[in-house]
A.B. asks: 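Can you keep this structure in mind? I'll have questions shortly.
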Amino acid sequence: MSETTVKSEEVDENGQPLLFLSVPHIKIRNFGQLSRFLLIAKDTKLKEAQACVEANRDPVAKILGLDYNTMKEDTSTVNILEEVTKGEDSENEIKMKIARLLSQLDLHLLNHSLKHISLEISLNPTSVKNDIEMLKNFSGKGEQTVLESISYTSDYEFSNGCRAPPWRQIHGEICYVLVKPHDVETLCITCSAEGVFLNGGKTDNEGEINYERKGEIYKDLVTFLKEKSAKFSENMSKQEKRFSNKKEKKEPTNEPPEKEEAAPVQKAITGSGKRTLEKNQINFGKSQMTKRLEPSLSWKATVRFKEYRSLLRDPQEEKHRRRPERSGPSVKLGRAQLVRKSTEKIEEIVSESSSESEEDEEPLDRQEANADLPSEYWQIQKLVKYLKGGNQTATVIALCSMKDFNLAQETCQLAIRDVGGLEVLINLLDTDEVKCKIGSLKILKEISHNPQIRRNIVDLGGLPVMVNTLDSPHKSLKCLAAETIANVAKFRRARQAVRRYGGITKLVALLDCGKSSAEPAQSSLYDARDVEVARCGALALWSCSKSYTNKEAIRKAGGIPLLARLLKTSHENMLIPVVGTLQECASEENYRAAIKAERIIENLVKNLNSENEQLQEHCAMAIYQCAEDKETRDLVRLHGGLKRLASLLDNTDNKERLAAVTGAIWKCSISKENVTKFREYKAIETLVGLLTDQPEEVLVNVVGALGECCQDYENRVLVRKCGGIPPLVNLLVGVNQALLVNVTKAVGACAVEPESMMIIDRLDGVRLLWSLLKNPHPEVKASAAWALCPCIQNTKDAGEMVRSFVGGLELVVNLLKSDNKEVLASVCAAITNIAKDQENLAVITDRGVVPLLSKLANTNNDKLRRHLAEAISHCCMWGRNRVAFGEYKAVAPLVHYLKSDDPNVHRATAQALYQLSEDADNCVTIHENGAVKLLLDMVGSTDQDLQEAAAGCISNIRRLALATEKARYI
C-alpha cells in the first residue's frame with residue numbers, strides 16, 4: 001500500500017496482483033477479490049457493479065478470453081467450445097462452467113427486466129385508435145357482433161393523435177368513447193395513457209363530459225369491455241377464434257420457402273429453443289389481432305446466439321457468396337442492447353407526441369438488388385477485419401483507406417454494417433487515440449445519412465459516446481461528433497437519447513464562440529475553428545429541435561441569446577443551421593416571446609436579402625412561425641421585410657422557398673397595414689398568378705394570404721379583375737384539409753362583393769361550398785358554413801337557390817348536433833341567413849330547428865351566443881316558433897347573455913328577446929329572470945339596433961303587465 005495505490009498480496013501466475021487500486025481506477029483479476037470488494041462496498045455495491053459492467057463493454061471476453069466472444073474465419077463458436085472441452089484441463093472445465101453460469105445469469109436478468117417493462121407499458125393514441133377501429137369492424141346489428149356501436153365523443157383529432165381537450169391531455173387522457181354493448185346501457189369511457197376506465201358520462205345541460213373516474217382502471221379497451229359485458233366477452237372470443245383459424249389456413253402457403261431458408265437454424269436450436277420459437281410464433285399471431293406491444297421474454301443466451309449465428313452464416317456464405325447477410329446485424333445485437341431498445345421504444349411512445357413534422361420513421365427494410373455486389377463491398381469488409389485485429393498504426397491506415405471509398409454509396413455503407421464495422425467504429429470512440437477517433441467519426445458522419453445505419457448506431461449505444469466526445473478539447477473532434485449527431489438525430493428515439501445523455505446542454509455550449517463581451521460579436525473576431533464548432537453545434541441542435549421537449553431544453557440551456565448572437569455574423573454556412581433551429585423552435589409561444597426580446601426579427605429580415613436561396617427559405621419560414629404575433633408583423637414591416645418578401649414571389653422555380661415566402665406573406669397579411677403595403681408592391685396580382693400549377697404546400701399559403709387580403713374592398717375588386725375567382729372556385733373540389741379551410745375563407749371574402757358573387761354562382765361555387773358541409777373535418781365544415789353566409793346574402797333569389805340543393809337544408813339543421821363550437825356558431829350564422837326566406841324557414845322548422853337551437857342555449861361561448869341569438873330571432877318569424885322556444889326552455893338562458901362583455905352579443909340577444917316577448921308566457925319568463933333592468937341600461941346605448949330591440953322588449957313586457965292589471969279590475 002502506498003499514498004496513491006493499493007495492491008493485494010495475492011498474485012496470479014504472471015505475478016500480477018489480483019487487486020490493484022489506483023484512483024480512480026481499480027483492476028480485479030479473480031472472483032474472490034471481486035466478492036470481497038463488493039462486500040466492502042456495502043450499500044453502494046449495486047452502483048459499483050453497474051460501473052464495472054459499463055467500464056467493460058465485453059465482460060465475457062475479459063473473463064474467459066476472446067475465443068468465447070469472437071469467431072475466426074475458419075472456425076465457429078461450436079468448434080471453439082468443443083476444443084475447450086477436450087482433454088482434462090481443469091482450467092478449461094472451470095471456464096465452461098463460468099460461461100454457462102454467465103449465460104444463465106444474463107438470461108435471468110433479461111427476463112426479469114422485460115417483465116417489469118411489460119408491466120409499465122402505457123397506452124398511446126395509435127394503439128387506442130387501432131383498438132377502436134378493430135372493434136368498429138366487429139360492431140353493428142346482429143347477434144354475432146361484439147357491440148351494437150362504438151364512437152368517439154369528438155370528431156376533432158389533434159396532431160398528436162389525441163381527441164381529448166388539451167387541458168385533459170395534461171392528465172394523460174387520450175380520448176372519450178361511447179360504447180353500446182348488446183346487454184348493458186351505453187358506456188362513456190375514458191382512454192388514457194395509464195389505462196381505460198368508466199367516466200361520469202355526458203352532462204345533461206351542455207353535453208360535456210364528466211371526467212371523474214367511476215371505477216377501476218383496465219389495461220386496454222377490450223379487457224374493460226370483457227369485464228363489463230358478458231355478451232361482448234362471448235362474441236369477442238368467437239371472433240378471436242375465427243381469426244386464428246383463418247391465420248392457420250393461410251400460413252401453409254407462405255411457409256415452405258421460409259422453412260428452407262431457416263433449415264440450418266432449426267438444426268442448431270433444440271429442446272427448449274424450439275418450444276420458445278413456436279411460442280413466439282403463436283404470440284405473433286395474437287398480436288396481429290390485439291395490436292398491442294408485447295415484448296418477448298425469450299431472447300437467447302450468448303452461447304446459443306453464437307451457435308445460431310455461426311451455423312446460419314456458414315451455409316449461406318457457401319451458397320450465396322454474392323449477396324450480403326441481411327440478418328447479421330440484428331443477430332449481433334447484445335441482449336442488454338435489446339432490452340434497452342425495448343425500453344426506449346416504450347418511453348418514446350409515452351413521453352413523445354407526434355406533433356412534430358418528421359422524416360422520422362423511414363422503413364427499415366429496403367429492397368436490395370439481386371445483381372452482383374461490387375468489389376468495393378468485399379474490400380471494405382477486409383478493411384473492417386484489419387480494424388478488428390490490427391494495432392494502432394494498422395487501425396489508422398485501415399480508417400484512411402476506408403475513407404477513400406465512396407461512403408455515400410449504399411453498398412459501401414451496408415458493407416461496413418454487415419461485417420460488424422459499426423461496433424468497431426463506435427468502440428474506437430472510447431479509445432484515447434485522437435487520430436483513431438477522428439477517422440472513426442469521419443466515416444460515421446458519412447454513413448449516418450443512411451436511415452438504417454442511423455438506427456443501428458443508436459441501437460449499438462453510439463450516441464452516449466458521441467455526446468461525451470463533445471467535451472473533448474480537440475475542436476475537430478467536437479465538430480465531427482456534432483455533425484454525426486446531426487445526421488443520427490433524424491428520428492425521435494435518437495433525439496430523445498441525445499437529450500437523456502446531456503447532449504443538448506453540451507451542444508448549446510458549442511454555440512459560444514468564446515466572446516463574452518457586451519459588444520455584438522462580429523464575424524471578423526471569430527477564430528475560423530470556433531466558427532466551425534458553432535456551426536456544427538447549430539446543425540445538431542437543428543436536428544434535435546424537432547422535438548418539443550428538446551426545444552424546451554435548448555431554451556433552458558440558454559440557447560436563444562447565443563443563436564441571436566450568431567445570427568449577426570456573415571457566415572452563410574453558419575446562418576443556415578442557426579436560422580433553421582430558430583425556425584423549428586419558433587412554433588412555440590415561449591420562443592416567439594424570447595425571439596422578440598432578443599431582436600432577432602431584424603436580422604431575419606436582413607438575411608432575406610442574402611443571395612443564398614436556402615438561407616432565404618429558412619428566414620421566411622422563421623418569419624412565418626413568428627408572425628402569429630402582431631408585434632412581430634409590425635417589426636417585419638418596419639424593417640422593410642414586406643417588400644423583400646413580395647419581390648421573392650417572382651422566382652417560382654424553388655418550390656420549397658416559394659412555400660416559405662408565401663407562408664410568411666400569409667401570416668403578415670393578418671395585419672391590415674401590411675395588406676396595404678402588399679397592394680403597393682403588387683404582391684396581390686402575383687399571388688393570383690400562383691393559384692394554378694403549384695404544389696399544395698404553396699397553394700395553402702397563397703390562398704390563405706388572399707383570404708386575408710380580400711377582407712378589404714379594394715383587394716376583392718383587384719382579385720376579381722385579375723381573374724382570381726375561377727381558380728379559387730376550382731380549388732373547392734380538393735381534399736387537402738388546410739387548403740379547403742383557406743379557400744373557403746377566400747371565396748367567402750370575395751362573395752361579399754356582388755359582382756364577384758355572380759361569378760361564384762355562375763361557376764357553381766355555392767353548391768361546392770354546400771357539399772363541403774359533409775366534410776369529415778370540423779374546421780372545413782365551419783369554414784364552409786361561414787363562407788355560405790355572404791353567398792346567401794348577396795345572391796339574387798337566394799331562397800330559391802338554397803331550396804335547389806337537394807337535402808341541403810336538412811344537412812344544415814343536422815349540423816346543429818355537432819360537438820364543435822366553431823361548427824355550431826357558423827351553422828347558426830348560416831341559419832340566420834337561410835331563415836330570411838319564409839319558405840326556407842318553414843322547411844327548417846319542419847326539420848326540427850327549434851329544439852336543436854334551444855338545446856344550445858346553455859353555452860358560455862360568446863361567439864356561439866351571438867349567432868345563436870340571431871338565429872333564434874329570425875326563426876321566431878314563423879308559425880308558433882316563439883311559443884316553441886319557450887316550451888323548450890330557451891328563453892331563460894338567453895337573458896343571461898345580456899351579462900356578457902361583448903356588445904355584439906347584447907345586440908343579438910336583445911333582438912331575440914324582442915321577438916320572443918311577443919308571446920305572453922315568454923314575457924313572464926324574461927321578467928322573472930331579471931331582464932328588465934339590464935335592458936333599461938341598454939336603451940341608452942349608442943347602438944341604434946340595440947336601443948330599438950331593448951326598448952321593444954320592455955314595451956312588450958309593459959303592455960302585458962298593463963293588460964293583466966286591466967283584466968284584474970274588469
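Every heavy atom of this structure was used, including side-chain atoms; hydrogens, water molecules and symmetry mates were not.
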A.B. asks: Apply the test side-chain contact (heavy atoms from CB on, under 4.5 Å) to residues Ile447 and Leu444: give CA-CA distance (whole Å), side-chain angles for both, the deciding distance (0.1 Å), then the verdict.
C.D. replies: CA-CA 5 Å; Ile447 65 177; Leu444 287 170; 4.3 Å; yes

A.B. asks: Check this for me, if you would: do Glu631 and Lys596 make a salt bridge, where the nitrogen-to-carboxylate-oxygen distance has to be below 4.0 angstrom?
C.D. replies: yes

A.B. asks: Does the plane of the ring in Trp542 sit parallel, tilted or perpendicular to the ring in His618? Use 30° and 60° as the thresholds.
C.D. replies: perpendicular

A.B. asks: Any side-chain heavy atom of Glu656 sitting closer than 4.5 Å to one from Glu697?
C.D. replies: no

A.B. asks: Please check if the side chain of Ser783 supplies one atom and the backbone of Thr744 the other of a donor-acceptor pair under 3.5 Å.
C.D. replies: no

A.B. asks: So, Thr505 side chain and Gly502 main chain: donor-acceptor pair closer than 3.5 Å or not?
C.D. replies: no

A.B. asks: With rounding to the nearest 0.5 angstrom, report the CZ to NZ distance, Arg495 to Lys490.
C.D. replies: 9.0 Å

A.B. asks: Validate the cation-pi geometry between Arg163 and Phe158: distance from NZ or CZ to the six-membered ring centre under 6.0 Å, angle to the ring axis within 45°.
C.D. replies: no

A.B. asks: Minimum heavy-atom separation for Val636 and Val605, please, with both atom names.
C.D. replies: CA-CG2, 4.3 Å

A.B. asks: So, does Tyr591 use its side chain to make a donor-acceptor pair with the main chain of Arg555 at under 3.5 Å?
C.D. replies: yes

A.B. asks: Does Ser587 form a side-chain hydrogen bond (donor to acceptor under 3.5 Å, both in side chains) with Lys551? I'd like the steps, not just the answer.
C.D. replies: CA-CA 10 Å; Ser587 59; Lys551 290 175 188 176; 2.9 Å; yes

A.B. asks: Does the distance from a Lys or Arg side-chain N to an Asp or Glu carboxylate O, for Glu753 and Arg720, drop under 4.0 Å?
C.D. replies: yes

A.B. asks: Surrounding NZ of Lys442 (heavy atoms of other residues, nucleotides or ligands, distance under 6.0 Å), is the total greater than 12?
C.D. replies: no

A.B. asks: Using only atom types and a distance under 3.5 Å, with no angle test, would you say the side chain of Thr686 pairs donor to acceptor with the backbone of Lys682?
C.D. replies: yes

A.B. asks: Just by distance, do the side chain of Asn742 and the backbone of Val703 share a donor-acceptor pair under 3.5 Å?
C.D. replies: no

A.B. asks: Taking atom CG of Leu567 and atom CG of Leu582, what is their separation to the nearest 0.5 Å?
C.D. replies: 6.5 Å

A.B. asks: To the nearest 0.5 Å, what is the distance between CG on Asn674 and NZ on Lys667?
C.D. replies: 13.5 Å

A.B. asks: If you measure only the distance, is there a donor-acceptor pair under 3.5 Å linking the side chains of Glu779 and Gln737?
C.D. replies: yes

A.B. asks: Go through the side-chain N and O atoms of Arg499 and Asn550 and say whether any donor and acceptor fall under 3.5 Å apart.
C.D. replies: yes

A.B. asks: Does Cys710 offer a backbone N or O that forms a donor-acceptor pair with the side chain of Arg716 under 3.5 Å?
C.D. replies: yes

A.B. asks: Say whether, by atom type as modelled, one donor and one acceptor occur between the side chain of Gln616 and the main chain of Ser610 under 3.5 angstrom.
C.D. replies: yes

A.B. asks: Ignoring hydrogens and angles, tell me if any N or O in the side chain of Gln711 forms a donor-acceptor pair with the backbone of Gly707 under 3.5 Å.
C.D. replies: yes

A.B. asks: Would you check if Leu649 and Leu645 make a side-chain contact, meaning some heavy-atom pair closer than 4.5 Å?
C.D. replies: no

A.B. asks: To the closest 0.5 Å, what do you measure between CD (Gln583) and CG (Leu604)?
C.D. replies: 10.5 Å

A.B. asks: Between Asp712 (side chain) and Asn715 (backbone), is there a donor-acceptor pair under 3.5 Å?
C.D. replies: no

A.B. asks: Looking at every heavy atom in both Ala830 and Ile792, which two are closest together, and how far apart are they?
C.D. replies: O-CD1, 4.5 Å

A.B. asks: Salt bridge or not for Arg633 and Glu673, using N-O below 4.0 Å?
C.D. replies: no

A.B. asks: If you apply the rule salt bridge (charged side-chain N to carboxylate O under 4.0 Å, His left out), what do you find for Glu602 with Arg599, and how did you get there?
C.D. replies: CA-CA 6 Å; Glu602 180 181 352; Arg599 299 183 178 179; over 6 Å; no

A.B. asks: Is there a salt bridge (charged side-chain N to carboxylate O under 4.0 Å, His left out) between Lys630 and Asp634 once you walk through the steps?
C.D. replies: CA-CA 6 Å; Lys630 184 181 187 303; Asp634 293 340; 3.0 Å; yes

A.B. asks: Is Arg529 salt-bridged to Glu532, cutoff N-O under 4.0 Å?
C.D. replies: no

A.B. asks: If we count only N and O atoms by modelled type, under 3.5 Å, do the side chains of Gln169 and Asn160 hold a donor and an acceptor together?
C.D. replies: yes

A.B. asks: At their closest point, which heavy atom of Arg644 faces which heavy atom of Ser647, and how far apart are they?
C.D. replies: O-OG, 2.7 Å

A.B. asks: So do Gln452 and Glu410 actually touch side chain to side chain, heavy atoms under 4.5 Å?
C.D. replies: yes

A.B. asks: Does the pair Glu685 and Val688 meet the rule for a side-chain contact (heavy atoms from CB on, under 4.5 Å), with working shown?
C.D. replies: CA-CA 5 Å; Glu685 295 92 325; Val688 171; 5.8 Å; no

A.B. asks: Looking at every heavy atom in both Ser472 and Leu477, which two are closest together, and how far apart are they?
C.D. replies: OG-CD1, 3.4 Å

A.B. asks: Between Cys791 and Leu769, which heavy-atom pair has the shortest distance, and what is it?
C.D. replies: SG-CD1, 3.7 Å

A.B. asks: Rounded to the nearest 0.5 Å, what separation is found between the NZ atom of Lys506 and the CG atom of Leu510?
C.D. replies: 10.0 Å

A.B. asks: Side-chain contact test, heavy atoms from C-beta onward, threshold under 4.5 Å: evaluate it for Lys781 versus Leu772 and give yes or no.
C.D. replies: no

A.B. asks: Give the minimum heavy-atom separation between Ala538 and Thr581, together with the two atoms involved.
C.D. replies: O-OG1, 3.3 Å

A.B. asks: One thing to verify: whether Lys478 and Asp471 come together as a salt bridge, which I'm taking to mean a side-chain N less than 4.0 angstrom from a carboxylate O.
C.D. replies: no

A.B. asks: Could you give the distance from CD (Glu446) to CG (Asn406), rounded to the nearest 0.5 Å?
C.D. replies: 9.0 Å

A.B. asks: Checking Arg565 against Glu598 for the salt bridge (charged side-chain N to carboxylate O under 4.0 Å, His left out) test, could you report, in this order, the C-alpha distance in whole Å, the side-chain angles of both residues, the deciding distance, and whether it holds?
C.D. replies: CA-CA 9 Å; Arg565 192 169 74 180; Glu598 295 291 337; over 6 Å; no

A.B. asks: Are Glu822 and Lys863 close enough for a salt bridge, meaning some N to O gap below 4.0 Å?
C.D. replies: yes

A.B. asks: Surrounding CD of Glu714 (heavy atoms of other residues, nucleotides or ligands, distance under 6.0 Å), is the total greater than 12?
C.D. replies: no

